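What you see is a predicted model; the values in this text were computed from it and never measured. One-based numbering, in listed order, for ligands and for the atoms of each.
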Amino acid sequence: MSHNYDVLIIGSGSAGLTLALHLDSKTKIAVLSKRTLEEGASLYAQGGISVALDKSDSTEFHIEDTIRVGTDLCHEKAVRFTVEHAKEAINWLINQGITFTRDKNKLHYHLTQEGGHSRRRVIHAADATGWAVETKLAQLTKRKANIQILENYIAIDLITHHKLGKRGNNQCLGAYALNRTQGRIETFSARCVVLATGGSGKVYLYTSNPDVCTGDGIAMGWRAGCRVANMEFIQFHPTCLYHPLAKSFLITEALRGEGGRLLLPNGDPFMHHFDPRNELAPRDIVARAIDHQMKRLGIDYVHLNISHKPAEFIYQHFPNIYAKCLKLGIDITQEPIPVVPAAHYTCGGIITDLQGRTDLSNLYAIGETACTGLHGANRMASNSLLECLVFARAAAKDINQQIKKTPPPESLPPWDESQVTDSEEEVIVAHNWDELRRFMWDYVGIVRTVKRLQRAKHRVDLLAQEIAEYYGNFRITNDLIELRNLVVVADLIIQSALARKESRGLHYILDYPHKNSIAQDTILVPPKYESSSINDYWESDSNTTLT
Ligand code: FAD
Ligand code: SIN
């Protein structure tokens, strides 16, 4: 089965849906989503969205904080661009009908505080900001006659001129996707394709991310010829709920912003030993401090306590966290919450410019899949949803212009399944998946060494070989597609981590404990890379190039 669209958007998180809603209403659009339209990291975002609204704040302070937290690796023009468009993006959300929490006198929006921010700067909808944003965007998208929503479709690979054996300027022409309901692979051709597939937290054993976050867009973009940058900077969120029945449940940093304290099992606070900002130090520092205490004392978790605050305050600010914990037998108004760090955010990704354009003509990348230069070596809390909104709007503006000049989509060859059979040992996929996530956690985690990274590299090479063989011989399934992508992403993370001979931001390696005086991006170049139109944008700001 084949489809033709003007714009094919792969992914329906806050980035993909914001883009869809900003394209001209005459544009014929398809939004592919791996599961339901709403499912993705955006839905679970808690803390909020950073925007300088307080009288004491300014865009300049927001820019300064972002660059400081990013440990001097942020691209100033990406930071400036994002922060300067923040109010506009938030006003758009408000105009769409999203209700943010107001302060006591109801005159202003309540702004919460998170790590690394020098001011209260995070607008939010209680502790479920992502739910408020994503469900509203999904509702609006469903009403648009020009947008076709295709749920339970997982994109497998991009179709490019070069993949079809054509010469000349490589261009993106569409994608193959598995219709998970029907179990068949369908062909999509489009004038323009957008990767909005989110991050890759599932490459680690413990993560705050939902199951769909398997780095598909990064892997697809890389295989199609796009460069990726800064993949070593995986952010570990310091405080995920530790409970056998709680899968990936985050305890927002805003809880520390509103007075929550991190404690050892004996009740002693410890953050003052690590940073003068205590619980509100940037995430890399807090996660490392917790990791250090857990290893030092041989404990499985530390405590996060907010029970000294009035119960009324807790119900009002953290209703979902309160309810979730209570369901598991923890009354957070009375007792501390057991927490551990977990993989949370992929700072690196497909290189883009300020319009979300990638190295490949007609291919855009937005949201967590992209590396815009905003986050540098460590993303500041609540800058991610902001980036999704700002870059989705900018990309839509560019696509609205470009599409008029782009010829209609070609008809593309169908997926060839003639050489494959059904697997008799699907369990191999599950085994490889477990192995990968375990060694990434053990060897490529919060604290790294060259030896551990080399061990991980050896294992990922073996897995990649095995999976390539499996992929070549057997009919593909959802799990195989995801595993194939996770292995690519794991390899990109390890290669980048081995290339960085210093500790900076989220990349902390015992063999090189110090920060170099010059900050450089780690840029990985795919085998068949062709120099691209966004070269100038990245090269003016970065230096390291690897193959
Ligand atoms: P997502 O929202 O993850 O959406 C990705 C979409 O792509 C999904 O629809 C998925 O199904 C689809 N998809 C993936 N692969 C394929 C494929 N192969 N084919 C088809 N579809 C595919 N950031 C903040 O700024 N503030 C916060 O308060 C905050 N809290 C967070 C809390 C949690 C628990 C988590 C996990 C993250 C949080 N973040 C927060 C980070 C932020 O939520 C994410 O970075 C952001 O939502 C990413 O949006 P996205 O649109 O890029 O991807
Ligand atoms: C949180 O609420 O702690 C998550 C915020 C973020 O990841 O930006």
Side-chain angles (χ1 to χ4, degrees), residues 8-19 30-51 112 114-117 122-125 127-131 133-134 137-138 150-158 175-178 180 194-202 207-220 235 237-241 248-257 283 286 318 321 342-347 349 365-370 375 379-389 391-392 478 481-482 485:
L8 173 67
I9 304 173
I10 307 176
S12 57
S14 50
L17 296 186
T18 300
L19 181 125
V31 177
L32 297 196
S33 194
K34 229 196 254 196
R35 303 239 171 130
T36 60
L37 193 67
E38 292 83 359
E39 182 61 8
S42 299
L43 187 69
Y44 301 97
Q46 293 187 355
I49 310 175
S50 38
V51 54
T112 194
E114 289 186 301
H117 292 269
V122 181
I123 191 167
H124 60 103
D127 58 351
T129 310
W131 188 89
V133 171
E134 179 70 16
L137 296 180
L150 296 161
E151 292 178 307
N152 281 310
Y153 273 74
I154 175 167
I156 305 166
D157 255 326
L158 298 170
Y176 293 114
L178 172 68
R180 298 175 66 217
V194 183
L195 294 171
T197 47
S200 57
K202 292 294 285 188
T207 176
S208 66
N209 289 189
D211 288 347
V212 294
C213 299
T214 51
D216 297 0
I218 298 174
M220 285 190 281
Q235 182 171 73
H237 196 291
T239 59
C240 281
L241 179 61
S248 321
F249 188 72
L250 192 78
I251 307 293
T252 176
E253 196 157 298
L255 198 122
R256 279 176 277 135
R283 271 183 202 167
V286 182
F318 306 108
I321 293 176
H344 181 63
Y345 186 82
T346 312
C347 291
I366 51 170
E368 198 171 331
T369 299
H375 306 305
R379 174 181 68 100
M380 190 163 71
S382 291
N383 265 352
S384 171
L385 288 175
L386 179 62
E387 184 188 43
C388 288
L389 298 169
F391 281 81
N478 185 84
I481 296 168
E482 292 186 337
N485 292 331

K.L.:
Please could you name the atoms of ligand 1 that G47 approaches to less than 4.0 Å, counting only its heavy atoms?
P.N.:
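Those qualifying, in numeric order: 28 (O).
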K.L.:
Does E482 pair with K34 as a salt bridge, N-O distance under 4.0 Å?
P.N.:
yes
K.L.:
Minimum heavy-atom separation for I321 and D127, please, with both atom names.
P.N.:
N-OD2, 2.9 Å
K.L.:
Distance to 0.1 Å, residue and atom name: give those for the protein heavy atom nearest to atom 1 (P) of ligand 1.
P.N.:
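In this structure, atom 1 (P) of ligand 1 has A41 N, 3.6 Å as its nearest protein heavy atom.
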K.L.:
Is the contact between A155 and ligand 1 made by the side chain, the backbone, both, or neither, using heavy atoms and a 4.0 Å cut-off?
P.N.:
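Answer for A155: both.
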K.L.:
Would you say T369 contacts ligand 1, with heavy atoms under 4.0 Å as the rule?
P.N.:
no
K.L.:
Side chain or backbone, does H237 bring an N or O within less than 3.5 Å of an N or O on ligand 2?
P.N.:
yes
K.L.:
Of the side chain and backbone of A196, name the one, both, or neither that has a heavy atom under 4.0 Å from an atom of ligand 1.
P.N.:
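Within the 4.0 Å criterion, A196 contacts ligand 1 through backbone atoms alone.
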K.L.:
Counting heavy atoms only, which part of Y153 comes closer than 4.0 Å to ligand 1: side chain, backbone, both or neither?
P.N.:
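Just the backbone.
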K.L.:
Are Q235 and H375 linked by a side-chain donor-acceptor pair shorter than 3.5 Å?
P.N.:
no
K.L.:
Starting from atom 52 (O) of ligand 1, locate the nearest protein heavy atom and write down its residue, its atom name and how far away it is, to 0.1 Å.
P.N.:
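Going atom by atom, the protein heavy atom closest to atom 52 (O) of ligand 1 ends up being E368 N, 2.9 Å.
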K.L.:
Tell me which protein heavy atom sits closest to atom 12 (C) of ligand 1, plus the residue, atom name and distance to 0.1 Å.
P.N.:
G11 CA, 3.6 Å
K.L.:
T197 and side chain to side chain contact (heavy atoms under 4.5 Å, CB included): which single residue from T214, T369, V212 fits?
P.N.:
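Among the candidates, only T369 passes.
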K.L.:
Only heavy atoms count here, so choose which of A45, A138, S382 is nearest to atom 31 (C) of ligand 1.
P.N.:
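It is A45 that holds the nearest heavy atom.
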K.L.:
Just to confirm my output: which protein heavy-atom neighbour is closest to atom 2 (O) of ligand 1, and how far is it?
P.N.:
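Nearest protein contact, heavy atoms only, for atom 2 (O) of ligand 1 is S42 OG, 2.5 Å.
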K.L.:
Is there at least one pair of N or O atoms, one from L385 and one from ligand 1, spaced under 3.5 Å apart?
P.N.:
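Among all N and O atoms of L385, at least one is under 3.5 Å from an N or O of ligand 1.
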K.L.:
Please report which non-hydrogen protein atom sits nearest to atom 8 (C) of ligand 1, along with the residue it belongs to and the distance in Å to one decimal place.
P.N.:
E39 O, 3.3 Å
K.L.:
Between M380, Q46, R256, R283, flag the one that comes closest to atom 6 (C) of ligand 2 by a heavy atom.
P.N.:
R283
K.L.:
Looking only at protein heavy atoms, which one is nearest to atom 1 (C) of ligand 2, and how far off is it?
P.N.:
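Answer, as residue, atom name and distance: T252 OG1, 3.4 Å.
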K.L.:
Tell me the contacting part of R379 for ligand 1: side chain, backbone, both, or neither, using a 4.0 Å heavy-atom threshold, strictly below.
P.N.:
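The part of R379 near ligand 1 is the side chain, not the backbone.
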K.L.:
With backbone taken as N, CA, C and O and side chain as the heavy atoms from C-beta onward, which portion of T197 lies under 4.0 Å from ligand 1: side chain, backbone, both, or neither?
P.N.:
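Near ligand 1, T197 shows its backbone as well as its side chain.
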K.L.:
Which heavy atom of the protein is the closest neighbour of atom 33 (C) of ligand 1, given with residue, atom name and distance?
P.N.:
H344 CE1, 3.6 Å
K.L.:
Quick one: does S12 get an N or O within less than 3.5 Å of an N or O on ligand 1?
P.N.:
yes
K.L.:
Can you name the atoms of ligand 2, numbered from 1 with element, that are less than 4.0 Å from a heavy atom of E253?
P.N.:
1 (C), 2 (O), 3 (O)
K.L.:
Which residue supplies the protein heavy atom nearest to atom 8 (O) of ligand 2, what is that atom called, and how far is it?
P.N.:
S382 N, 2.6 Å
K.L.:
Nearest heavy-atom pair of S42 and E134: which atoms, and what distance?
P.N.:
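Closest approach of S42 to E134: CB-OE1, 3.5 Å.
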K.L.:
If I compare all heavy atoms of L8 with all of A175, which pair ends up nearest, and what's the gap?
P.N.:
CD2-CB, 3.8 Å
K.L.:
Within a distance under 4.0 Å of any heavy atom of L250, pick out the atoms of ligand 2 and give their elements.
P.N.:
1 (C), 3 (O), 4 (C)
K.L.:
Is D216 touching ligand 1 with its side chain, its backbone, both, or neither, if touching means heavy atoms under 4.0 Å apart?
P.N.:
side chain
K.L.:
For the residue pair V286 and E253, establish whether any side-chain heavy-atom pair is separated by less than 4.5 Å.
P.N.:
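SC-SC contact between V286 and E253 ruled out.
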K.L.:
Under 4.0 Å from a heavy atom of A381: which atoms of ligand 2 are those, numbered in the order shown and with their elements?
P.N.:
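Every atom of ligand 2 under 4.0 Å from some heavy atom of A381: 8 (O).
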K.L.:
Looking only at non-hydrogen atoms, find the nearest pair between E114 and T252 and report the distance.
P.N.:
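Here E114 and T252 meet closest at OE2-OG1, 3.8 Å.
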K.L.:
Could you report the tightest heavy-atom contact between T129 and G47, atom names first, then the distance?
P.N.:
OG1-O, 3.6 Å
K.L.:
Would L32 count as a contact of ligand 1 if the rule is a heavy atom under 4.0 Å away?
P.N.:
yes
K.L.:
Give a yes/no on ligand 1: does G130 have at least one heavy atom closer than 4.0 angstrom to it?
P.N.:
no
K.L.:
So, for E39 and L43, which heavy atoms are closest and what is the spacing to 0.1 Å?
P.N.:
OE1-CD2, 3.9 Å
K.L.:
Among all protein heavy atoms in this structure, tell me which lies nearest to atom 16 (C) of ligand 1, with the distance rounded to 0.1 Å.
P.N.:
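That would be K34 CE, 3.4 Å.
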K.L.:
Below the 3.5 angstrom mark, is there an N/O of P210, backbone or side chain, next to an N/O of ligand 1?
P.N.:
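Such a contact does not occur with ligand 1.
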K.L.:
Report yes if some heavy atom in the side chain of V133 is under 4.5 Å from a heavy atom in the side chain of L385; otherwise report no.
P.N.:
no
K.L.:
For atom 27 (C) of ligand 1, which protein heavy atom lies nearest, and how many Å away is it?
P.N.:
G48 O, 3.5 Å
K.L.:
Just to check, does I10 reach to within less than 4.0 Å of ligand 1 when the distance is taken from its heavy atoms?
P.N.:
yes
K.L.:
E114 heavy atoms, cut-off 4.0 Å: which ligand 2 atoms fall inside?
P.N.:
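Counting atoms of ligand 2 from 1, those under 4.0 Å from E114 are 1 (C), 2 (O), 3 (O), 5 (C).
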